[in-house]
Amino acid sequence: MSYRYDYEVITQWIAPGEKVLDLGCGDGSLLKHLAEVRQVQGYGVENDPDKLLACTRNGVNVIQMDMEKGLAGIEDGFFDHVIMSLSLQAMHNTQGILVEMLRVAREAVVSFPNFGYWRHRQSILNGRMPVSESLPHQWFNTPNVRFFTISDFDALCEMNGIAVRERLAFDEGKLILDEPNFLASVAVYRLGRGA
Amino acid sequence: MIQPQSVGVVVPQRAHFAEPLQLRSGGTLPEYELVYETYGELNADRSNAVLVCHALSGSHHVAGHYADAPNNSGWWDNLVGPGKPLDTRKFFVIGVNNLGGCHGSTGPISINPATGQPWGADFPFVTVEDWVAAQARLADRLGIARFAAIVGGSLGGMQALSWSLQYPERVANAVVIASAPKLTAQNIAFNEVARQAILSDPEFHGGHYYAHGVVPTRGLKLARMVGHITYLSDDAMGDKFGRSLRHGKAIYSYDVEFEIESYLRYQGDKFAGFFDANTYLLATKALDYFDPAFEHGGNLPAALARATADFLVVSFSTDWRFSPARSREIVYALLHNQRNVSYAEIESDAGHDSFLLDEAQYHALLTAYFDRIKV
């Protein structure tokens with residue numbers, strides 16, 4: 001279910017021995033991977049009992065928390081990296097969590113499905129909500145609550161003074177350099193506090 | 001997987017300690033006995049021991065039953081046994097009655113060697129730290145240098161936490177359930193009402209009621225009634241009893257009318273029938289005094305810096321006596337120290353008592369956590 005290329009990009013941005021927080025960590029497989037290849041001291045955040053259980057089975061530290069309410073309790077700048085992999089679109093408090101992420105960590109890594117991907121646009125043109133590898137749910141059962149494009153996210157970062165330090169976009173695991181807002185299904189960002 | 005089973009018939013054991021125990025209060029116990037039970041087998045490496053610490057009214061009788069009392073199961077029988085979350089096919093589990101207790105370990109009803117009379121109110125104040133120190137001597141006696149896990153709920157969770165600070169090298173995992181790093185003023189207040197109920201009972205006799213051949217059952221009953229209210233949630237009490245009237249209508253009497261009155265009186269009477277009032281006083285004070293951050297200017301992260309164990313911290317959504325917020329304080333203090341810690345807040349409507357129940361999500365989590373512990 002996981003996009004391994006998403007993981008690979010994230011792994012490249014993590015230095016050995018970092019403190020890492022993974023928001024919406026699912027079954028903890030990314031943190032487990034980072035512990036193995038980067039020896040990170042990692043913590044996941046989840047609010048779903050089944051996922052907490054899966055993390056525990058995977059031997060991953062997981063802290064139950066409702067991220068919609070922010071990350072109160074976690075100290076400013078405590079983490080080197082905070083990651084939100086393919087979960088931002090499932091949160092209501094989009095701006096709030098971005099502020100919180102850059103409060104608790106030096107850098108934030110965010111990946112999300114690009115609603116502006118051409119197949120998604122084509123689906124809308126055909127009159128149906130898109131269902132794809134990156135948006136696998138039907139409209140009536142999707143956990144996603146925010147639908148946005150790469151261009152939308154760029155604009156949000158600019159509006160909120162968030163520095164985009166790196167942005168990689170992918171389609172079917174391949175890096176997309178031209179027209180990512182049209183040709184990429186998933187984007188991965190490395191974000192920092194703006195000047 | 002096997003069907004969860006009982007550990008079956010168990011027999012309590014005793015250990016006598018002739019070496020005096022220096023207590024935090026300044027007092028000394030010249031010698032003492034601890035009564036304990038064990039379940040499962042200690043492995044050859046002595047690496048599979050798990051200590052279960054009891055709460056206010058618990059005992060060493062954690063699991064199984066006695067041959068002459070097949071219906072009197074241990075207080076955490078749903079947790080400990082073959083195929084249960086704390087699986088006795090893997091772990092060697094120990095339950096111990098704490099000092100000052102009334103289930104067989106040295107306590108106020110024991111004979112004070114200096115006087116030949118029961119200690120009564122002269123039994124020295126004991127703290128969570130003292131209990132842990134005594135438990136550590138029992139571990140020495142059993143040849144256990146390091147526990148695979150130390151587990152406790154409520155006051156028992158405080159002992160698990162304290163173990164990780166007093167003997168960090170002896171604890172691989174600390175499982176702290178429905179607990180707190182210290183009591184709040186409100187929590188101490190409830191304890192004080194309970195104590196005043198006992199202390200003001202005319203049959204308390206300054207704690208030397210044994211000599212008078214009486215027991216302050218009315219005070220102890222009241223103390224338990226107050227406590228019991230705080231162990232349940234408003235919703236659970238409402239669902240269970242609501243405003244149900246025994247006679248279907250008001251009869252304008254101070255006898256039992258509302259079913260909740262009947263329930264509380266029953267629980268109070270039952271408790272007062274077997275528990276010792278002096279033990280209750282001591283245990284509530286131990287709760288009140290526990291505050292490992294105190295010596296660090298109230299800085300809990302600094303206090304927990306000593307801990308090296310991996311932690312599982314669990315709270316329950318409707319527990320207002322030991323609320324989830326109190327567990328989170330422990331979690332964030334451990335996080336500050338970069339300790340391995342997981343935290344779950346279990347949805348349950350049963351309040352503080354939830355930690356004794358076998359809610360599926362709760363037990364699944366404990367099962368998963370204990371499964372991962374290498375022995």
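Just so we're on the same page: letters track the sequence lines, and every chain starts at 1. What's counted below: heavy atoms across the whole structure, side chains too, no hydrogens, waters or symmetry copies.
Contacts between Val331(B) and chain A at a heavy-atom distance below 4.5 Å involve the side chain alone, from C-beta outward.
Note: Leu335(B) CG to Ile74(A) CD1 = 6.0 Å, rounded to the nearest 0.5 Å. Between Ile346(B) atom CD1 and Leu52(A) atom CG the span is 8.0 Å, to the nearest 0.5 Å.
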Got a list of the donor-acceptor pairs under 3.5 angstrom between chain B and chain A?
| unit_1 | atom_1 | unit_2 | atom_2 | d |
| --- | --- | --- | --- | --- |
| Tyr332(B) | OH | Ala72(A) | O | 3.2 |
| His336(B) | ND1 | Glu75(A) | OE1 | 2.9 |
| His336(B) | ND1 | Glu75(A) | OE2 | 2.7 |
| Gln338(B) | O | Gln41(A) | NE2 | 3.2 |
| Arg339(B) | N | Tyr43(A) | OH | 3.4 |
| Arg339(B) | O | Tyr43(A) | OH | 2.6 |
| Asn340(B) | OD1 | Gln41(A) | NE2 | 3.1 |
| Asn340(B) | OD1 | Asn61(A) | ND2 | 2.8 |
| Val341(B) | N | Asn61(A) | OD1 | 3.1 |
| Ser342(B) | OG | Val62(A) | N | 2.9 |
| Tyr343(B) | N | Val62(A) | O | 2.8 |
| Tyr343(B) | O | Gln64(A) | N | 2.8 |
| Glu345(B) | N | Gln64(A) | OE1 | 2.6 |

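More than 12 heavy atoms of other residues, nucleotides or ligands sit less than 6.0 Å from atom CD of Glu169(B).
Under the rule for a ring-ring contact (aromatic ring centres under 6.0 Å, His included), Phe78(A) has no partner lying at least two apart in sequence or in another chain.
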